[in-house]
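Everything on this sheet refers to the single structure shown next.
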Amino acid sequence: MVWMTSMVAAGGSFAPAYQWIATIDTDYGQPLNNWQKFAVVISTQLFGWCLGQMLSRVFVGHSHGMIWPDNLPLSYLIQTLFPDPHSSGQEPDQRHTDNINMSDSSATISNIFVEASHDSIAGKTEKIEISEDTCPSKAREGGDSVAMADMALTTSVARKRNLVLFTSATFIYQFLLSYIAPVFKSLCLLCIWAPKSRLMSLFGSGWNGAGILSLTFDWTAMGTLQPLVSPLWAQIHYYVGAALMMYILTPVGWHMNWWGAQELPIVSTSVFDVGGNVYNISLIHHGSMGQQKAADIDILESHLSPDLSLLFNPYSPVRLTVNSALGYIFAVAAITAAAMHLAIWHPLWLRQAARDMLRSLLRLWDPRLLFRTRKSIMASSRQKRWSSSSVDTRSDGENRESVEPGSASSISISQSDESGTWDFLYLCGRVGRVFIFTVSLGAALLSAQMGISTLPGWQILVAVVWSVISSLPIGFVESVTGFTLPMDLLPHILAGWMQAPGRPIETSYFHLWATVPIQVALGWSGVRSYQLAHHCSISSVPLEHDIDKPEEQSRPRRLQLPWMKRGLLVGVILGACINQISYTMFLRSQGEARSLPVEAPPPPLAKQPSSLANIVIPLSFEPTNTTDVPTAKILGWHEEGEFGRLPAALSSELVVWGIVGPRSLFSGQSPYRLIFVYGSLIGLLLPPLLYVLHRLLLHLESCMRKSLNHMRHPLAHRMVCQGAEVAKKIQIPLILTGMVAVPTIPANFIISGLLVAVVGQFLCRYRGKTLVDRSLYSAAMDTGTRLSVALMFVVGQILLSRGMPLSFVSWWGNQIGNVEHCLVL
């Protein structure tokens, strides 16, 4: 079941490369044909699949709290619905994970099972009891074992019943909330208190403002961070950063008019010109085409964009909202702080991870491994089988000595390997991996020859190397906390410095190869699927080997990781094909609406309606009033503020870093010239300062003990000890990651999400609920919410096609177009 789930998840996931394709199709015409688009998608997906195999050696089943919290709900859901009859039946101590943070460096890869203070953090996740058949050897020992098995059976039935009840209740709750009372999806207390105040609407709107005192009861917003499963300490850091950004820095910056903030919206994913209008890309296109008309260049037939910088200066410089400018600062600081954090607190892990990735890359090209026979494989496996209590098989199916006895990756060669098929599968798998890696990387380097981009091959190679190197800090934070670092900005800046201004497609193509492989490798096409298999199989692997039992009974059950790779590969290829077919059909349904009009006159510079601030409008569509804008307001359950903001954010980044470029943005005349400097200084200085403070306080505490001052001044000694512990537990990268959450995520999730995380986990622990129960609650609420939203979307589209929009009667809680009761900004 895990194999099938991983393959479906890898194939059913949205290919990240289509985000780039959709953006350039919308803003710059359709520069690529269907085969070129498919080549971009399949090459990035396959390279990410190869990178995921290398990263699985680093992030699956290792130490430092790498439990991948967002995998736990699905893992325990599978174990509950499809119990494993080979489970060992031993449930470890139910301990919490909130006392371990990213600065705990005492647990290393070699001694994690000795020094780790929490089993679930070390990878020994909680097991689900099934029946008395789970542990037959113990059931024969006495009535207590039988009673324990009966209790396990009762627990399993109760969990399934609770799963059904929570899913049904969440489905009904989400339907009532979205259809009847959508005001509770973004309850803005400041707007309700002063509905006619522009200042209160500016600060209080959860969708288009700072979100101060804005609440949400929508699980899609409250469950953004998996509040019942993710470590509480990590969520607190994230919410502290988000609150610091939206409740303090953004309002203060707007009030003090930083970067001319009062002339622009306080929060927006768009960029603006000097008149406060949304930056109109079509002006640059039209003007540039006029200058290139003599050369007879048709932008619809060539992806080589003209020099857009020619018309950039006559049109307008770029202006950013105060939230966007601050977000750029802290986005740079977050990734640099994560790298500094790893170098300071986890140098041994960082060296080992880099060594493992380099070893995986070298072994991929090692020709000696092609001549390994079945006899040598079986001989080496028998020799290593129980030398370290296990043999560790990673995602590439190769054996090496393990340091983690009892983990899901520690397996032995099964009887099926002795049947004679191992040689053929081993050889085909190794040759296939080399072929896929070579083809995907070659397609990237030869993009210019394929007509995809004019970006030189060496620049694409720099982007690929960047993705491999930055995957370590990004994967570390994501595996421990479940949060993703802001990885988009630095590749954009690097590409902008390497390119001349006015080349947004080439700049974004560099960004594509610098970020998409990481998303694929750390997603369901890579590490997440392997970790899901680890979580689901850890309960069936005995932690100790009993030499008195026959080998067939004492041997750990083999985890079919080689077949996991093949299933993921099939899912990746099928998913890319399905994504391509779906996107092509979507474009055909749109006709030529997204094509760029070459001969059309430039649109006027009139100020656009403020209601269009967060909507990306195709260049050929020029609305004259807000009623022409195709929004989902007519459905009655979806508001324009809830729209996904990633496309608009990517479009704005192409303007800032592609058309304008960092050379212009950071020039001496630009008001944003010190953004990169501020972000770099924050990320490079804060982690070392906290580390130095931690060491100084530890030294002071040691001196007080030697001089016996801790007995004469117990309060001072206690304060020094607590200060050293606080300095160690403050996680700067997580705080900075929370500070850049908005505007990609609406600001109304901060208060409600924090309350759900703290109160929910406290109540679960007070009532004795384990990590299994909390994960199942989270999975049930996610399932119910998605089923409700999907049903309402399908029904709404069917009714809309017949001229009957899905809308409830208008009342205070369902004012279509003004659900938040805020002024239109």
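Keep in mind that this is a model prediction, so the values were computed, not measured.
- Annotation: the span from Leu445 atom CG to Met450 atom CE amounts to 11.5 Å, rounded to 0.5 Å.
- Annotation: side chain of His341 is in contact with side chain of Pro733 (closest heavy-atom distance under 4.5 Å).
- In this structure, Val462 and Phe510 have side chains that are in contact, with non-hydrogen atoms separated by less than 4.5 Å.
- Residues Arg57 and Tyr530 have side chains not in contact (no heavy-atom distance under 4.5 Å, counting atoms from C-beta outward).
- A donor atom on one side chain and an acceptor atom on the other are found under 3.5 Å apart for Ser75 and Gln79.
- Applying the side-chain contact (heavy atoms from CB on, under 4.5 Å) rule to Leu81 yields the partners Leu77, Leu163; only residues at least two apart in sequence or on another chain are considered.
- Looking only at side-chain heavy atoms (C-beta outward), Leu485 and Phe476 stay at 4.5 Å or farther from each other.
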Sequence neighbours excluded and cut-off under 3.5 Å, please list the side-chain donor-acceptor pairs for residues 465-474, or say none.
{"from": "Ser467", "atom 1": "OG", "to": "Val464", "atom 2": "O", "distance (Å)": "2.5"}
{"from": "Ser470", "atom 1": "OG", "to": "Trp466", "atom 2": "O", "distance (Å)": "2.7"}
{"from": "Ser471", "atom 1": "OG", "to": "Val468", "atom 2": "O", "distance (Å)": "2.5"}

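- Partners of Asn579 by side-chain contact (heavy atoms from CB on, under 4.5 Å), not counting sequence neighbours, listed by chain and number: Phe14, Ala15, Tyr18.
- Residue Asp488 holds its CG atom at 6.0 Å from NE2 of His492, rounded to the nearest 0.5 Å.
- Under the ring-ring contact (aromatic ring centres under 6.0 Å, His included) criterion, Phe38 pairs with no residue, sequence neighbours left out.
- How far CG of Leu489 is from CD1 of Ile335: 10.5 Å, rounded to the nearest 0.5 Å.
- The CG atom of Leu46 sits 6.5 Å away from the CG atom of Leu569 when rounded to the nearest 0.5 Å.
- Rounded to the nearest 0.5 Å, atoms CG (Leu51) and CG (Leu441) are 11.5 Å apart.
- By the ring-ring contact (aromatic ring centres under 6.0 Å, His included) test, Phe47 pairs with Phe437, sequence neighbours left out.
- Between Gln36 and Asn33 the shortest side-chain heavy-atom distance falls below 4.5 Å.
- Residue pairs meeting the salt bridge (charged side-chain N to carboxylate O under 4.0 Å, His left out) criterion with at least one member in residues 474-484, sequence neighbours excluded, are Glu478-Arg528.
- Using a 4.5 Å heavy-atom threshold, the side chains of Ile344 and Met340 count as touching.
- For residues 575-586, there are no salt bridge (charged side-chain N to carboxylate O under 4.0 Å, His left out) pairs, not counting sequence neighbours.
- Applying the side chain to side chain donor-acceptor pair (under 3.5 Å) test to residues at least two apart or on different chains, the pairs with a partner in residues 437-452 are Ser447-Tyr509.
- Listed by chain and number, the residues in a salt bridge (charged side-chain N to carboxylate O under 4.0 Å, His left out) with Asp782 amount to none (sequence neighbours excluded).
- Scanning for side-chain contact (heavy atoms from CB on, under 4.5 Å) contacts around Ala339 gives an empty result, with sequence neighbours left out.
- No hydrogens or angles considered: nothing links the side chains of Thr507 and Trp657 as a donor-acceptor pair under 3.5 Å.
- Every residue two or more places apart in sequence or in another chain that forms a side-chain contact (heavy atoms from CB on, under 4.5 Å) with Val520 is listed here: Pro16, Gln45, Val516, Ser525.
- For the residue pair Ser360 / Gln53, no side-chain donor-acceptor distance below 3.5 Å is found, with atom types taken as modelled.
- Within the structure, every pair that satisfies the salt bridge (charged side-chain N to carboxylate O under 4.0 Å, His left out) test and touches residues 37-56, not counting sequence neighbours, is listed here: Asp25-Lys37.
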